[in-house]
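We count ligands from 1, going down the list as the structure has it; atoms in each ligand are counted the same way.
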Amino acid sequence: MFKVVEKFISINGEGRLSGQLAVFIRFAGCNLDCSFCDTRWANEKDVDYELMTKEDIYKYIKFTKVKNITLTGGEPLLQERIMELLEYLSKDEYLLVEIETNGSIDLKKFSRIEKNRPKFTMDYKLMSSNMEDKMVIDNFKYLNKNDTVKFVVGTIDDLNKAKYLIDKYELTNKTNVYLSPVFGEIDMNEIVEFMKNNKMNEVTLQIQLHKVIWHPDKKGV
Ligand SMILES: C[S@@+](CC[C@H](N)C(=O)[O-])C[C@H]1O[C@@H](n2cnc3c(N)ncnc32)[C@H](O)[C@@H]1O
Ligand SMILES: Nc1nc2[nH]cc(C(=O)O)c2c(=O)[nH]1
Ligand code: SF4
Ligand SMILES: [Mg+2]
């Protein structure tokens with residue numbers, strides 16, 4: 001059984017599928033406590049959730065008739081039998097499943113799903129998150145062109161570290177690389193100037209589209 005705090009259809013506001021319809025399954029609980037977390041409510045010990053089986057989740061997804069699925073949270077890979085869910089969903093070739101994961105969970109076993117492997121959007125938490133020491137650097141090697149590394153940046157120091165990691169691990173040759181501002185905390189022009197000054201080709205700047213369409217704190221979107 002999986003602890004689902006919310007499930008909804010929306011426009012994906014992040015990453016490569018931003019702007020497209022997606023079904024969101026948000027799981028309860030997280031092992032990190034990022035300074036900027038915009039979904040802290042999902043990680044509270046007493047958060048309300050519905051218990052769903054993998055079949056319940058699949059039935060809900062098919063009922064929506066939406067192709068893109070984002071498994072998120074909280075930290076989705078902490079769910080005890082998440083591997084069973086991923087393998088179950090991967091059998092449906094029509095679905096495009098992506099996982100928003102926080103960089104602290106070893107991705108090795110998940111990257112081994114053969115057919116129609118879910119796509120990782122792996123956050124690398126930088127200094128301003130206060131969670132950088134939890135990052136599993138080895139994860140970079142399990143990411144491919146279907147996946148994304150996302151750097152949520154709140155300061156110039158974060159930007160400098162992101163650039164250092166992008167260069168050191170040649171991330172733009174391996175996977176998609178996104179910079180995302182800590183919403184409302186950093187002047188996006190500063191990020192653009194940094195990208196221009198550092199000739200950051202093949203890096204994508206995103207803004208969380210759902211926070212532009214709706215109030216930034218609105219749930220279920
Ligand atoms: C709430 S997290 C859930 C998935 C997973 N725990 C993670 O951190 O990737 C989903 C995404 O929202 C991003 N996020 C959370 N709070 C944010 C904020 N205040 N500004 C920008 N992005 C934020 C995270 O970095 C992550 O990419
Ligand atoms: N619209 C919308 N798009 C999203 N993409 C990733 C999200 C997340 O919280 O993981 C998210 C979210 O919370 N809402
Ligand atoms: S890892 Fe994700 S859900 Fe957990 S605290 Fe950080 S942003 Fe929030
Ligand atoms: Mg969100």
> Below 4.0 angstrom, N of the basic side chain to O of the carboxylate: do Asp133 and Lys125 qualify?
Replying inline: no
>> Checking a contact table here: which protein heavy atom is nearest atom 20 (N) of ligand 1, and how many Å away?
In response: Phe183 N, 3.0 Å
> Can an N or O of Asp38 be found at a distance shorter than 3.5 Å from an N or O of ligand 1?
Replying inline: yes
> Just distances here: any N/O of Val182 and N/O of ligand 1 closer than 3.5 Å?
Replying inline: no
> With a cut-off of 4.0 Å, which atoms of ligand 1 are near a heavy atom of Gly73?
Replying inline: 1 (C), 3 (C)
> Just by distance, with hydrogens left out, do Glu202 and Asn176 show a side-chain donor and acceptor under 3.5 Å apart?
Replying inline: no
>> List ligand 1 atoms under 4.0 Å from Thr72, heavy atoms only on the residue side.
In response: 3 (C), 4 (C)
> Side chain, backbone, both or neither: which part of Gln208 comes within less than 4.0 Å of ligand 1 when only heavy atoms are counted?
Replying inline: side chain
> Does Val66 offer a backbone N or O that forms a donor-acceptor pair with the side chain of Thr64 under 3.5 Å?
Replying inline: yes
> Can you list the atoms of ligand 1 that are under 4.0 Å from a heavy atom of Cys37?
Replying inline: 16 (N)
>> I'd like to know if the side chain of Thr175 and the backbone of Asn144 have a donor-acceptor N/O pair within less than 3.5 Å.
In response: yes
> Within less than 4.0 angstrom of ligand 1, does Lys211 place any heavy atom?
Replying inline: yes
>> I'd like to check which ligand 1 atoms, numbered from 1 as shown, lie under 4.0 Å from a non-hydrogen atom of Pro181.
In response: 20 (N), 21 (C)
> N/O of Phe36 under 3.5 Å from N/O of ligand 1, yes or no?
Replying inline: yes
> Relative to the heavy atoms of Asp123, which atoms of ligand 1 are at a distance of less than 4.0 Å?
Replying inline: 9 (O), 24 (C), 25 (O), 26 (C), 27 (O)
> Quick one: do the Asp147 and Thr121 side chains pair a donor with an acceptor below 3.5 Å?
Replying inline: no
> What atoms of ligand 1 come closer than 4.0 angstrom to any heavy atom of Thr39?
Replying inline: 1 (C)
> Is there a path of hydrophobic side-chain contacts, each under 4.5 Å between heavy atoms of I, L, V, M, F, W or Y residues, that connects Val97 with Tyr88?
Replying inline: yes
> Taking NZ, NE, NH1 and NH2 as the nitrogens, is one of them in Asp138 or Lys108 under 4.0 Å from a carboxylate oxygen of the other?
Replying inline: no
> Relative to the heavy atoms of Glu75, which atoms of ligand 1 are at a distance of less than 4.0 Å?
Replying inline: 5 (C), 6 (N)
> Just checking, any donor-acceptor pair under 3.5 angstrom between side chains of Asn31 and Asn102?
Replying inline: yes
> Which heavy atom in Phe8 sits nearest to a heavy atom in Arg26, and how many Å separate them?
Replying inline: CZ-NH2, 4.0 Å
> Should the pair Tyr124 and Phe151 be assigned to parallel (<30°), tilted (30 to 60°) or perpendicular (>60°) ring geometry?
Replying inline: tilted
>> Which of the numbered atoms in ligand 1 are under 4.0 angstrom from any heavy atom belonging to Gly74?
In response: 3 (C), 4 (C), 5 (C), 6 (N)
> So does Glu50 pair up with Lys3, basic N to acidic O under 4.0 Å?
Replying inline: no
>> Could you check whether Lys150 makes a cation-pi contact with Tyr178, meaning its NZ or CZ is under 6.0 Å from the centre of the six-membered ring and within 45° of the ring axis?
In response: no
>> For Glu6, is there an ion pair with Lys219 - N to carboxylate O distance below 4.0 angstrom?
In response: no
>> I'd like the name of whichever of Lys125, Glu14, Glu100 reaches closest to atom 8 (O) of ligand 1 through any heavy atom.
In response: Lys125
>> Holding to side-chain hydrogen bond (donor to acceptor under 3.5 Å, both in side chains), I want the full list of residues that pass it with Glu55, two or more places apart in sequence or in another chain.
In response: Thr53
>> Check this for me - ligand 1, Ser180, N or O atoms closer than 3.5 angstrom, yes or no?
In response: no
>> Can you work out which protein residues put a heavy atom within less than 4.0 Å of ligand 2?
In response: Ser10, Ile11, Asn12, Gly13, Glu14, Phe24, Arg26, Thr72, Glu100, His210, Val221
>> Side chain, backbone, both or neither: which applies to Thr101 and ligand 1 if a contact is any heavy-atom pair less than 4.0 Å apart?
In response: backbone
